[in-house]
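Residue numbers start from 1 in every chain, and the chains themselves are labelled A, B, ... in the order their sequence lines are given, proteins ahead of strands. Everything numeric in this text was worked out from a predicted model, so none of it was measured.
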Amino acid sequence: EPEVTQTPSHQVTQMGQEVILRCVPISNHLYFYWYRQILGQKVEFLVSFYNNEISEKSEIFDDQFSVERPDGSNFTLKIRSTKLEDSAMYFCASRNTGISSEAFFGQGTRLTVV
Amino acid sequence: GIQVEQSPPDLILQEGANSTLRCNFSDSVNNLQWFHQNPWGQLINLFYIPSGTKQNGRLSATTVATERYSLLYISSSQTTDSGVYFCAVGPWGYGGATNKLIFGTGTLLAVQP
């Protein structure tokens, strides 16, 4: 069964450093997403990406965040200057177009900022 | 925006017991999914159920879209069922609507041996 793959599974970084989280969505999907979950809280939407551009972003997704689809298979989330409060689980998801389309989530990347 | 509320927030069961988790949402949707978040933090797809009823082993789910709620049933619970259960809804497809999944607040389930 096709799946969304995220790397790395866990990343530790120093405050102020840049991090790039990587995702390989399901190959024929056209909508891509990043979500964030701070420990003990609910899963929050960050950004959606369609047709090579951001289609929607939340207020959390400020200038320190960016997304990119550098080639036909990868989808990345970059955090330019990490803060302690960026420590969270980050999930990538993808889905096909159409009203009745299920979203599939990756296993997550646990980011720890120290 | 759409509000998604889940109840109960916490649930403790003895192994073998049955339970019902509820998800209420405040507006029309055409996607509803249930997830189980395991102790390692992974989100496991349980059901894609915008309407109707589905069953998968000891788990089943029912969504009544016209009344804006969904139920997840867990029968003969096992310790491996422990974790957080999330429902998430997506109003995508309705004109001008957002295309994101909106997660509920979750139900923390603990199954004791």
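A cation-pi arrangement is absent between A:Lys42 and B:Phe103 under the rule of less than 6.0 angstrom and at most 45 degrees off the ring axis.
Side-chain N or O atoms of B:Gln33 include one that pairs as donor or acceptor with a backbone N or O of A:Ala103 at under 3.5 Å.
Within a 6.0 Å sphere centred on CG of A:Asp63, heavy atoms belonging to other residues, nucleotides or ligands number 12 at most. Crowding of B:Ile12 atom CD1: a count of heavy atoms from other residues, nucleotides or ligands under 6.0 Å not exceeding 12. Around the CD atom of A:Gln14, the shell of radius 6.0 Å holds no more than 12 heavy atoms that belong to other residues, nucleotides or ligands. A:Leu39 CG: 12 or fewer foreign heavy atoms inside a 6.0 Å radius.
For A:Gln37, the part lying under 4.5 angstrom from a heavy atom of chain B is the side chain only.
Cluster annotation: B:Leu59 and B:Tyr73 are assigned to distinct hydrophobic clusters (Ile/Leu/Val/Met/Phe/Trp/Tyr, side-chain heavy-atom contacts under 4.5 Å, transitive).
Residue A:Arg95 holds its CZ atom at 12.0 Å from NZ of B:Lys100, rounded to the nearest 0.5 Å.
Tested against B:Leu101 for a side-chain contact (heavy atoms from CB on, under 4.5 Å), the candidates A:Tyr33, A:Phe105, A:Phe45 yield a single pass: A:Phe105.
Looking only at side-chain heavy atoms (C-beta outward), A:Gln107 and B:Leu43 stay at 4.5 Å or farther from each other.
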